[in-house]
Trainee: 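This is the structure I have questions about; it appears just below.
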Amino acid sequence: MRCAERRRFASHRFRELGIAGILLSTFLLSGCRKPAQPLTITFLDAEGQGFPGDHRMIPDVYLQEFTRETGIQVKRIPRPDGSFNQLALWRELLQKGTGTPDVVSIDVIWSGILNQYLMDLKPYFGTELSSQNPVVAASYTVGDKLVAVPHHAYVGVLLYRPDLLRKYGYREPPKTWDELERMATRIQSGERAEGEKDFWGYVWQGGVDEDLTCSSLEWQISDAGGRIIEDDKTISVNNPRVIRAWQRAARWVGSISPPGVVAYGKWDAQNVWGSGKAAFLRGWQSDYSLITRGWPFSESRSHRPSDNVTQFGITSVPGGTARRVSTLGGNGLAVSQSSAHPREALELIRFLLRRDVLLMRANEHSGPPKDVELYELPAILEPYPQQADSRQHWGGLVARPSIVAGPKYEEVSRAYIEAVHSALTGEKVPSVAAADLEQELVEITGFRKGPPKQD
């Protein structure tokens, strides 16, 4: 072979080897490359992961099922205790813009406060909204914008001991606050005479917290005292009916309710009830929580008044001279305007709503647990449709003035709680507390004074 030919042959072989080397290197590198990470969305959950006895939660098993179905991972962000602490965290995270949570579960009273940070969901969930109770739907609507899709609606209820009612000659739970006071006094006196020295007639949430807003709103509206701030932006809280309602509740402290009730939060009252040391409890309930009692992931026995009591009852909150009403609570599902994954966030919301619908449908032909007596429930509670009749649905529904107060609702609520609490503790006489509150609300909102609206 001539020299020129040998040089061309060698050059050709090097090129072949070079191409082969590149191909081999590419193959080896592709084999070492990490697989694509699954997409993860973050979920800021107002209900929380839950714990034994807490039925107000989205179980991890639901989120795991969503991941299996879609391939989308969900990271739940821990929440603090207390509604004010939770709101502070929600506002802080949503204000950041980039890196904010994708799906946001919000309390029913936060719509006006967090509106600017959340997507309008009306184009995506118009059908779901049309089937909601009007009071519930309005609580998540700011102007024409649907801030969140209603998820779990909770309402105030009265829990009672059927065994004690029968023992003291009562055929049914109280319908009015006066009846409650009489029954609680008699049962408490009788139980103490039999040795239960720390037994109380009625426990409720009287501490400086949003639960006090809910209880007090029920007291005053049931006596036609108005909604604190009316829908037409008039401040109506300073009126004789509100003052009488606060005077009545103050009378309970230390008589049918423990002196420390003015410091009770939800679980403080629940613990007294759960120990079997109370005849009546002001609590919360929803369709969802009624039918998930006893599920393996909820372990919800929190309403049972001690293991020695075989049954407890649920009824509407008592009324006054006007009507019986229950305050609306609960949460809705929203999407952050700064979400990096809005499509996937909407997909999670649809999944959670669909999951609850399936659960409710599976319950259509069942009945309440044997350890629960349901009597004249609030109209919004229909956990067992086949048993619905006029005797089971009684109390109306009232929303706190969170939409009309808008971004100012947190300040309004704090001022209201402090005023009611001062009346309960005797720091101020109720008439002075109401007058001072009226002036403070004028300064906070700029709204005018006016009479309560008559429904």
Side-chain angles (χ1 to χ4, degrees), residues 108-113 115 132-144 147 150 153 155-156 175-177 210-249 316-330 378-380 393-420 423 430-431 433-455:
V108 69
I109 57 175
W110 295 349
S111 298
I113 298 173
N115 169 41
Q132 290 287 335
N133 178 287
V135 177
V136 177
S139 296
Y140 295 103
T141 305
V142 180
D144 292 329
V147 176
V155 296
K175 291 183 172 64
T176 68
W177 295 116
E210 187 65 25
D211 277 322
L212 181 56
T213 301
C214 301
S215 294
S216 185
L217 193 57
E218 291 164 352
W219 303 337
Q220 67 183 60
I221 288 187
S222 68
D223 273 327
R227 303 170 184 265
I228 308 170
I229 300 175
E230 306 300 325
D231 290 339
D232 62 358
K233 297 185 177 182
T234 57
I235 297 168
S236 61
V237 73
N238 184 20
N239 68 75
R241 296 181 182 90
V242 169
I243 292 168
R244 284 197 296 270
W246 291 0
Q247 289 170 335
R248 179 180 57 214
S316 295
V317 172
T321 56
R323 57 184 177 133
R324 299 170 75 172
V325 293
S326 294
T327 304
L328 173 66
I380 194 174
H393 301 91
W394 200 262
L397 189 65
V398 62
R400 285 160 280 178
S402 56
I403 295 297
V404 67
K408 298 288 187 179
Y409 179 72
E410 184 181 9
E411 294 176 69
V412 167
S413 178
R414 286 182 184 273
Y416 181 74
I417 291 168
E418 290 173 2
V420 177
S431 58
D436 290 349
L437 173 62
E438 178 185 57
Q439 185 57 42
E440 187 174 359
L441 293 183
V442 169
E443 294 171 0
I444 291 172
T445 64
F447 299 162
R448 67 186 185 280
K449 304 173 186 178
K453 178 182 177 182
Q454 302 301 318
D455 293 330

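Computed from a predicted model, the values in this text were never measured in an experiment. Quick note: residue numbers are just sequence positions, from 1.
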Trainee: Spell out, as yes or no, whether a donor-acceptor pair under 3.5 Å connects the side chain of S111 to the backbone of S139.
Mentor: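 Such a contact is found between S111 side chain and S139 backbone.
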Trainee: Looking at OG of S215 and CD of E210, how far apart are the two atoms once the value is rounded to the nearest 0.5 Å?
Mentor: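 That separation rounds to 10.5 Å.
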Trainee: The test is side chain to side chain contact (heavy atoms under 4.5 Å, CB included); show your working for I403 and V142 and say whether it passes.
Mentor: CA-CA 7 Å; I403 295 297; V142 180; 4.1 Å; yes
Trainee: Are any non-hydrogen side-chain atoms of R400 and L328 less than 4.5 angstrom apart?
Mentor: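 The answer is no, as the side chains (C-beta and beyond) never meet within the 4.5 Å cut-off.
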Trainee: To check you understand the geometry: which heavy-atom pair defines the closest contact between V135 and A399, and what is its length?
Mentor: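 Where V135 meets A399 most closely, the heavy atoms are CG1-CB, 3.9 Å.
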Trainee: Show your working on side chain to side chain contact (heavy atoms under 4.5 Å, CB included) between N238 and K449 and close with a plain yes or no.
Mentor: CA-CA 9 Å; N238 184 20; K449 304 173 186 178; over 6 Å; no
Trainee: Measuring only between side-chain heavy atoms, which start at C-beta, is D223 closer than 4.5 Å to W219?
Mentor: no
Trainee: Could you pull out the closest heavy-atom pair between I221 and G226, with the gap in Å?
Mentor: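 Of all heavy-atom pairs spanning I221 and G226, the closest is CG1-O, 3.1 Å.
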Trainee: Would you give the length of the straight line joining atom OG1 of T141 to atom CD of Q132, rounded to the nearest 0.5 angstrom?
Mentor: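 These two atoms lie 10.0 Å from each other.
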Trainee: Do R448 and D232 have side chains that get closer than 4.5 Å, going by heavy atoms?
Mentor: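 The answer is yes; the side chains approach within 4.5 Å.
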Trainee: Drop me the distance from I229's CD1 to Y416's OH, to the nearest 0.5 angstrom.
Mentor: 11.0 Å
Trainee: Measure the shortest side-chain to side-chain distance between F447 and T234 over non-hydrogen atoms and say whether it is less than 4.5 angstrom.
Mentor: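 Result no, sub-4.5 Å side-chain heavy-atom pair not found.
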Trainee: Could you give the distance from CD (E218) to OG1 (T213), rounded to the nearest 0.5 Å?
Mentor: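 Spacing of CD (E218) from OG1 (T213) equals 11.0 Å.
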Trainee: Quick check: do P401 and Y409 have side-chain heavy atoms less than 4.5 Å from each other?
Mentor: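 Touching, per the 4.5 Å side-chain cut-off.
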Trainee: If you compare all heavy atoms of W246 against all heavy atoms of S216, which two are closest, and at what distance to 0.1 Å?
Mentor: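 That closest heavy-atom pairing would be NE1-OG, 3.2 Å.
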Trainee: Do the side chains of E418 and R414 get close enough for a salt bridge, i.e. N-O under 4.0 angstrom?
Mentor: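 No.
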Trainee: With heavy-atom distances below 4.5 Å as the criterion, would you say the side chains of E230 and P452 are in contact?
Mentor: yes
Trainee: State, with a plain yes or no, whether a side-chain heavy atom of L397 is found less than 4.5 Å away from one of V136.
Mentor: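 Counting from C-beta outward, L397 and V136 do come under 4.5 Å.
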Trainee: Can you tell me how far CD1 of I109 sits from SG of C214, rounded to the nearest 0.5 angstrom?
Mentor: 7.0 Å
Trainee: Do you know which two heavy atoms are closest between G320 and W177, and how far apart they sit?
Mentor: N-CD1, 3.9 Å
Trainee: Quick check against the 3.5 Å criterion: does Q220 have a side-chain atom that pairs as donor or acceptor with the backbone of R241?
Mentor: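 Between the backbone of R241 and the side chain of Q220 there is no qualifying donor-acceptor contact (under 3.5 Å).
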Trainee: For residues G156 and P378, report the shortest heavy-atom separation together with the two atoms involved.
Mentor: O-CG, 4.1 Å
Trainee: Let me confirm one number: the OG-CG distance from S236 to L441, rounded to the nearest 0.5 Å.
Mentor: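 It comes to 9.5 Å.
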Trainee: Grab the two heavy atoms, one from A433 and one from A419, that are nearest each other, plus how far apart they are.
Mentor: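 It is CB-O, 3.7 Å.
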